[in-house]
Number of protein chains: 2
Amino acid sequence: MIIETALFQRVALLKNTNGGVFFGGFGMDLRQLRYFVAVARERNFTRAAQLLNIAQPPLSRQIQLLEEELGVTLILRKSRPVKLTDAGRLFYEQAMQVLGRVDQMKAATRRVGLNQNSVLSIGFVASTLYGGLPSLVRKLRQHAPELDIRLLEMLSTPQIPALKEGRIDVGFGRLRHSDPNVGGTVLRDERLVVAVHKGTRLAEETGPLPLAMLTGETLIVYPKEPRPSYADQVMSLLQHDDVRPAEVQEVREIQTALGLVAAAAGICIIPSSARQMRSDVQYRPIEGARATSPVILYHRVGDTSRYIALIKKLIQDMYTENPPWLDGSEIRDVRGGHQT
Amino acid sequence: MIIETALFQRVALLKNTNGGVFFGGFGMDLRQLRYFVAVARERNFTRAAQLLNIAQPPLSRQIQLLEEELGVTLILRKSRPVKLTDAGRLFYEQAMQVLGRVDQMKAATRRVGLNQNSVLSIGFVASTLYGGLPSLVRKLRQHAPELDIRLLEMLSTPQIPALKEGRIDVGFGRLRHSDPNVGGTVLRDERLVVAVHKGTRLAEETGPLPLAMLTGETLIVYPKEPRPSYADQVMSLLQHDDVRPAEVQEVREIQTALGLVAAAAGICIIPSSARQMRSDVQYRPIEGARATSPVILYHRVGDTSRYIALIKKLIQDMYTENPPWLDGSEIRDVRGGHQT
DNA sequence: TTGATATGATACCTATTAGGTATTATGATT
DNA sequence: AATCATAATACCTAATAGGTATCATATCAA
């Protein structure tokens, strides 16, 4: 089992229908990254060139091309040893990460290509990590040991194209969608809670909070992009009850959001199962039938893979076990194929 | 504030002193990734070539070169539309991630290069996210608003070269090290706790657990690499008391470890501040003066940056506030410059 | 089954880019 | 100021990317 974290970002280059220069700004390649890393590490073009087994002048030139490409100076050459600019230091470290990432990709591809096992790629939103997904995966491995299970964290919206393109085989998200090629089965509707800093006014409340009590608070929502997202669900819920936060701060992911709550920077509405024990954060249920978020299983319409059916069965079995993360959820009959 | 998750991996190509072929296996470049993505998406070489504004034959050849490079078939051409193999589907998705990653890198580099703000890069191990780091960062932003603060998650061991090479400016880790160019200040010694599945024998205990009670359990340790790591600290602690687990399972990171504990797959020893509320996991303190893990501030020897001093002052201030995450820690006088 | 069409592969050629040697410019040290 | 080390520039060569033409193969309709 491999967990890969990828807040997936679609590269919008394949939709360019202008017929013009297609790769404007995309001249950089991995060779340049490797060259830059060598220079950045050695702080010396001559020595780096030796290590790279090339001559110094082409190395110098390639770094210049890289700087031109970026429009940023990466290396200050007016001193010996040369120095990196702030941008250069950032680029150095990022380049090493990218190169490492490429290594991983090659190794993983070889492993799959040379291994006859089936691969099942599962996309999931982060909050489902707390809502039974680890347990489901464990059971799935037991029932289908021939499977190479890959778990890919990605937001709900990008799971739809990922399914259609075969990058994932099944997805777990929280947004309804309109794509006719992707089916969705609502697994459960989960209660929402509000995360508040310990000691604040809202934390002292003892029962479910009416949404109106959130008026005037700074609201932290996630994920900020791509939209529509769970953030829009939260905003829509508040708007329906005409609740107006004093300020809305958008952040990238749930951990950041809870970190900000911990810093008393605001409140955040999260699914019940995603509650985490932080000594500086408390969670309060929210009043009202609408204060829920669905957990949806996405799969391709017409996908008759036996694994989809197995996943549904395992989920239904898990419901009968009434696990703790189900607290606050209204479950659905999974195998009945409830359409969203 | 930007949080980047990078389980840093060092590309070991710069240490090749054989003078031979330096880039064996490294011929791939981003162009090939883009080409492959286009074909994978369209499932049609001709159409993909049009979209890429190149002719079909060179596209075909580049994909073949890519397959030769990897030693794996990515595309099955005996059908129309062409099909991806499992390896091809994996590579497709990974390639999109890498390309997205490169985009981010370029955008971030431009932002820093065109922005006159100072950058302060902070490396941190994941467990420090629960131990005051968000609060520290917030205070730091208040005291130094001109700073562009970058947070990079990386393990303790790779923080040392990252500091020396200027990729990060300060680090928070848990391992003592021997490099004379990197200073370390022990911020506190944190109690360790054992995470156990709810309902098990160890969970029923009410006081601190003697280490001997862990004998015969399946022990989950993290991170599995690079070594030495916190995992070795844990193993060393058990070995000192001659405690033998039935089995040791190494996993990549703390979240995975706690997920396995949740699945009743074993127990895990974690720093006290990293406890998270999971309804299926409980935490028990460990008996003994040795059952601690240090939190260490790393910085370059001789680094007289005012930000290091400011960070230390803010940490000391935080100690006097006695925040909840300090529970279970023995703090140190930070500004005295305690050397490890 | 045959013919038509679409599309991927192969062969050979051209264009572009990467890399090399020689030389000049510049920083650091004595 | 002289010397040495090293980065940049100029010009040339080698290697690779991309193009056109053609062949091979898959698919579909009659």
Side-chain angles (χ1 to χ4, degrees), chain A residues 13 16 19-70 72-85 88 92, chain B residues 13 16 19-70 72-85 88 92:
Chain A
L13 76 170
N16 184 344
V21 176
F22 201 81
F23 290 108
F26 257 83
M28 177 191 296
D29 62 26
L30 295 174
R31 199 182 79 263
Q32 282 176 329
L33 296 194
R34 292 192 292 265
Y35 285 178
F36 181 78
V37 165
V39 175
R41 180 186 181 79
E42 299 296 326
R43 306 297 165 96
N44 181 309
F45 278 78
T46 308
R47 200 154 62 234
Q50 283 163 5
L51 286 168
L52 292 165
N53 279 314
I54 65 169
Q56 175 264 319
L59 178 59
S60 182
R61 195 174 316 117
Q62 289 296 332
I63 303 295
Q64 287 169 5
L65 289 175
L66 183 58
E67 283 174 315
E68 284 166 25
E69 168 81 36
L70 288 167
V72 177
T73 299
L74 301 174
I75 297 183
L76 299 172
R77 297 154 170 89
K78 286 281 169 73
S79 69
R80 304 289 164 79
V82 298
K83 285 181 183 169
L84 297 185
T85 63
Y92 176 28
Chain B
L13 77 169
N16 184 344
V21 176
F22 201 81
F23 289 108
F26 257 83
M28 177 191 293
D29 63 27
L30 295 175
R31 200 183 77 262
Q32 282 176 331
L33 297 193
R34 292 191 291 265
Y35 286 177
F36 182 79
V37 164
V39 174
R41 181 185 181 81
E42 300 295 327
R43 307 295 165 97
N44 180 311
F45 279 78
T46 307
R47 202 155 61 235
Q50 284 164 7
L51 286 169
L52 294 165
N53 280 312
I54 64 169
Q56 175 263 322
L59 178 60
S60 183
R61 195 176 315 117
Q62 289 295 332
I63 303 296
Q64 286 168 6
L65 288 176
L66 183 58
E67 284 175 315
E68 284 165 26
E69 167 83 37
L70 289 166
V72 176
T73 298
L74 301 174
I75 296 183
L76 299 172
R77 296 157 173 88
K78 286 280 169 77
S79 70
R80 304 290 163 78
V82 297
K83 285 183 183 165
L84 298 185
T85 62
Y92 177 28

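Fair warning: this is a prediction, and the values are worked out from it, not measured in the lab. Each chain gets a letter, A, B and so on, in the order its sequence line appears, and its residues count up from 1.
Mapping A:Q64 and B:L65 onto DNA chain D via the closest heavy atom, the residue that lands nearer the 5' end is A:Q64.
Here A:S79 does not reach the OP1 or OP2 of C:dA28: none of its side-chain N or O atoms lies under 4.0 Å away. In terms of phosphate contacts, A:Q62 brings a side-chain nitrogen or oxygen within less than 4.0 Å of OP1 or OP2 of C:dA18. At C:dT10, none of the side-chain N or O atoms of B:S60 fall inside 4.0 Å of OP1 or OP2 (strictly under the cut-off). Considering only side-chain N and O atoms, B:R77 lies under 4.0 angstrom from the phosphate OP1 or OP2 of C:dA9. Side-chain nitrogen and oxygen atoms of B:R31 include at least one within less than 4.0 Å of the OP1 or OP2 phosphate oxygen of D:dG18. OP1 or OP2 of D:dA5 has not a single side-chain nitrogen or oxygen of A:N44 nearer than 4.0 Å.
Checking side-chain atoms of B:S79 against main-chain N and O of B:P81 turns up a donor-acceptor pair under 3.5 Å. Side-chain atoms of A:Q56 do not come within 3.5 Å of backbone N or O of A:F45 as any donor-acceptor pair.
Distances were taken from every side-chain heavy atom of A:R80 (C-beta onward) to each of C:dG20, D:dT6, C:dC12; the shortest belongs to D:dT6.
Rounded to an integer number of Å, the gap from A:Y35 OH to C:dG19 C1' is 8 Å. Between the P atom of D:dT6 and the CD1 atom of A:I54 lies a distance of 16 Å, rounded to the nearest Å. B:E67 has its CD atom 12 Å from the C1' atom of C:dG8, to the nearest Å. A straight line from CG of B:N53 to C1' of C:dA15 spans 17 Å, rounded to a whole angstrom. Atom C1' of nucleotide C:dT7 and atom CG of B:L76 are separated by 16 Å, given to the nearest angstrom.
In this structure, the side chains of A:I75 and A:L84 come closer than 4.5 Å at one or more pairs of heavy atoms.
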* To do: Test A:T85 against A:L76 for side-chain contact (heavy atoms from CB on, under 4.5 Å), laying out the working first.
  => CA-CA 7 Å; A:T85 63; A:L76 299 172; 3.8 Å; yes

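Not a single donor-acceptor contact under 3.5 angstrom links the side-chain atoms of B:R61 to the base of C:dG8.
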